[in-house]
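In this text, all values refer to a predicted model and were calculated from it rather than measured experimentally.
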Amino acid sequence: MTDTPLDLLAVAAHPDDAELTCGGTLARAAEQGYRTGILDLTRGEMASRGSPEIRAEEADRAAAALGVAVRANAGLPDARLENSQEARRVVVAHLRRLSPATVILPYPRGRHPDHRIASELARDACFLAGLRRYDGGPARRPEKVLYAMAYREDAVKPTFVVPLTEAQFERKIEAARCYASQFEGSTAAGEIFPTGQSLIERIETASRHYGSLIRAAHGEPFHTDETMRVEDVMALGVRSL
């Protein structure tokens with residue numbers, strides 16, 4: 001375990017996935033005083049551009065741009081990710097060491113098989129991490145699981161959207177720009193399909209769209225399987241009419 005448990009951990013299949021889907025939320029949480037982290041499941045070694053070494057350097061710079069306290073890599077095989085017993089043990093060990101209260105996972109459906117499998121693998125590992133007799137303990141299970149759903153064409157309506165200030169959005173863009181080996185001159189990435197815009201412009205278009213859903217300049221959308229609880233209906237945000 002780390003000396004200080006994480007408040008928020010984003011689990012992603014590849015370096016740069018977390019930056020694109022929830023980088024603004026990580027930056028916002030860090031500004032709010034929460035201890036944040038990113039766990040990349042693979043090194044992205046099967047990518048057509050760059051190299052694992054270059055991407056590791058880029059990932060460190062991106063984490064610094066977002067104010068992330070901890071960045072770790074599970075070292076699982078890129079493009080061959082499996083929700084196997086062996087892989088679960090690896091991810092459980094990281095979860096127990098990092099001890100996050102809340103985790104952000106990839107959306108359960110995805111064009112890249114690793115994205116879909118990463119979501120299922122991490123979700124199962126979150127549960128198993130709380131079993132005292134699983135793999136020697138100690139039992140550490142996150143309290144909340146969120147699914148990042150930015151750029152999805154097949155997603156349900158967001159459960160909620162996190163508003164981003166212009167400064168927080170710029171930190172997200174700064175983090176994305178750290179991955180020059182992957183994104184420089186690109187018009188698409190991962191689940192982001194090309195529209196003729198540069199990748200940075202495409203990210204901004206999506207960010208402003210999600211922000212508009214909650215009457216904010218920018219936003220990042222999330223889904224929860226469980227129904228959200230509201231204590232005071234008079235305090236609900238976003239006007240209906």
Side-chain angles (χ1 to χ4, degrees), residues 2 6 8-24 26-27 30 36-98 100 103-107 110-126 148 150-151 171-194 198-200 202-203:
T2 55
L6 294 181
L8 179 64
L9 174 69
V11 181
H14 316 101
D16 72 39
D17 288 348
E19 286 82 354
L20 295 180
T21 59
C22 60
L26 290 169
T36 62
I38 298 174
L39 173 61
D40 302 308
L41 297 184
T42 78
R43 297 184 302 150
E45 65 271 19
M46 297 300 289
S48 301
R49 305 172 65 179
S51 68
E53 293 75 21
I54 291 173
R55 294 188 77 171
E57 294 174 0
E58 293 171 335
D60 286 342
R61 292 197 299 271
L66 297 176
V68 169
V70 178
R71 184 154 206 163
N73 195 296
L76 297 174
D78 183 22
R80 299 182 299 277
L81 202 58
E82 295 181 349
N83 185 9
S84 64
Q85 194 64 255
E86 179 182 356
R88 290 177 185 178
R89 288 194 177 98
V90 171
V91 179
V92 165
H94 281 284
L95 290 171
R96 285 173 168 169
R97 179 176 63 85
L98 299 172
V103 296
I104 299 175
L105 305 185
Y107 194 68
R111 184 167 65 101
H112 194 310
D114 278 357
H115 294 172
R116 181 182 70 251
I117 296 168
S119 183
E120 180 185 89
L121 167 59
R123 167 63 175 78
D124 290 351
C126 284
Y151 319 110
R171 289 178 68 183
K172 173 176 181 169
I173 293 300
E174 180 185 353
R177 290 188 189 279
C178 289
Y179 292 95
S181 71
Q182 304 300 306
F183 299 151
E184 191 170 325
S186 296
T187 59
E191 307 298 333
I192 306 179
F193 292 97
S198 70
L199 182 64
I200 299 302
R202 179 69 183 88
I203 294 171

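With contacts defined as side-chain heavy-atom distances shorter than 4.5 Å, the pair His115/Glu191 qualifies. Taking 4.5 Å as the limit, some side-chain heavy atom of Leu95 sits within range of a side-chain heavy atom of Pro100. Ile203 has its side chain within reach of Lys172: a pair of non-hydrogen atoms, C-beta onward, lies under 4.5 Å apart. Using a 4.5 Å cut-off on side-chain heavy atoms (C-beta onward), Thr42 and Pro77 make no contact.
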Check: Would Leu66 and Thr36 count as a side-chain contact (heavy atoms from CB on, under 4.5 Å) if you check the C-alpha gap in whole Å, the side-chain angles of each, and the deciding distance to 0.1 Å?
Finding: CA-CA 9 Å; Leu66 297 176; Thr36 62; over 6 Å; no

Next item on the list: Test salt bridge (Lys or Arg N to Asp or Glu O under 4.0 Å) on Arg71 and Glu19 and set out the steps.
Entry: CA-CA 12 Å; Arg71 184 154 206 163; Glu19 286 82 354; 2.5 Å; yes

Item checked: Worked verdict on Arg89 versus Gln85 for side-chain contact (heavy atoms from CB on, under 4.5 Å) -> CA-CA 6 Å; Arg89 288 194 177 98; Gln85 194 64 255; 3.5 Å; yes

Next item on the list: Dump the intermediate steps for side chain to side chain donor-acceptor pair (under 3.5 Å) on His14 and Asp40, then the final yes or no.
Entry: CA-CA 5 Å; His14 316 101; Asp40 302 308; over 6 Å; no

Margin query: Assess the residue pair Arg55 and Glu58 against the criterion (side-chain contact (heavy atoms from CB on, under 4.5 Å)); give the C-alpha distance rounded to whole Å, side-chain angles, the decisive distance to 0.1 Å, and a yes or no.
Written below: CA-CA 5 Å; Arg55 294 188 77 171; Glu58 293 171 335; 4.0 Å; yes

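Between Tyr179 atom OH and Asp17 atom CG the span is 8.5 Å, to the nearest 0.5 Å. Separation of atoms CG (Leu41) and NE2 (His94) is listed at 8.5 Å; rounding is to 0.5 Å. The CG atom of Asp114 sits 9.0 Å away from atom CZ of Arg116, with the distance rounded to the nearest 0.5 Å. Between the CD atom of Glu184 and the OG atom of Ser198 there is a distance of 11.5 Å, given to the nearest 0.5 Å. Here OH of Tyr151 is found 5.5 Å from CG of Leu20. Values are rounded to the nearest 0.5 Å. In this structure, the separation between CD on Glu57 and OG on Ser181 is 9.5 Å, given to the nearest 0.5 Å.
Residue Leu81 comes nearest to Ile117 through the heavy atom pair O-CD1, 3.2 Å, listed as atom of the first residue, atom of the second, then distance. The two residues Ala176 and Ile200 come nearest to each other via the heavy atoms CB-CD1, 4.4 Å. Nearest approach of Ala150 to Thr21, heavy atoms of both residues: CB-O, 4.1 Å. Minimum interatomic distance between Ala18 and Ala12 (heavy atoms only, all atoms of both residues): N-CB, 3.9 Å. Residue Leu26 comes nearest to Gly37 through the heavy atom pair CD2-O, 4.1 Å, listed as atom of the first residue, atom of the second, then distance. Residues Pro106 and Ala118 come closest through the heavy atom pair CG-CB, 4.2 Å.
Of the possible donor and acceptor atoms, one in the side chain of Arg171 sits under 3.5 Å from a partner among the backbone N and O of Ala65. Checking side-chain atoms of Asp78 against main-chain N and O of Glu45 turns up a donor-acceptor pair under 3.5 Å.
When Leu9, Val11, Ile38, Val103 are each tested for a side chain to side chain contact (heavy atoms under 4.5 Å, CB included) with Leu98, only one passes: Leu9. The one candidate from Val91, Leu105, Val90 that meets the side chain to side chain contact (heavy atoms under 4.5 Å, CB included) condition with Leu121 is Val91.
No more than 12 heavy atoms of other residues, nucleotides or ligands lie within 6.0 Å of CD in Glu82, so this atom counts as exposed by the packing criterion.
Donor-acceptor pairing under 3.5 Å is lacking for the side chains of Asp16 and Gln182. Using modelled atom types, one finds a donor on one side chain and an acceptor on the other under 3.5 Å when comparing Asn83 with Arg88.
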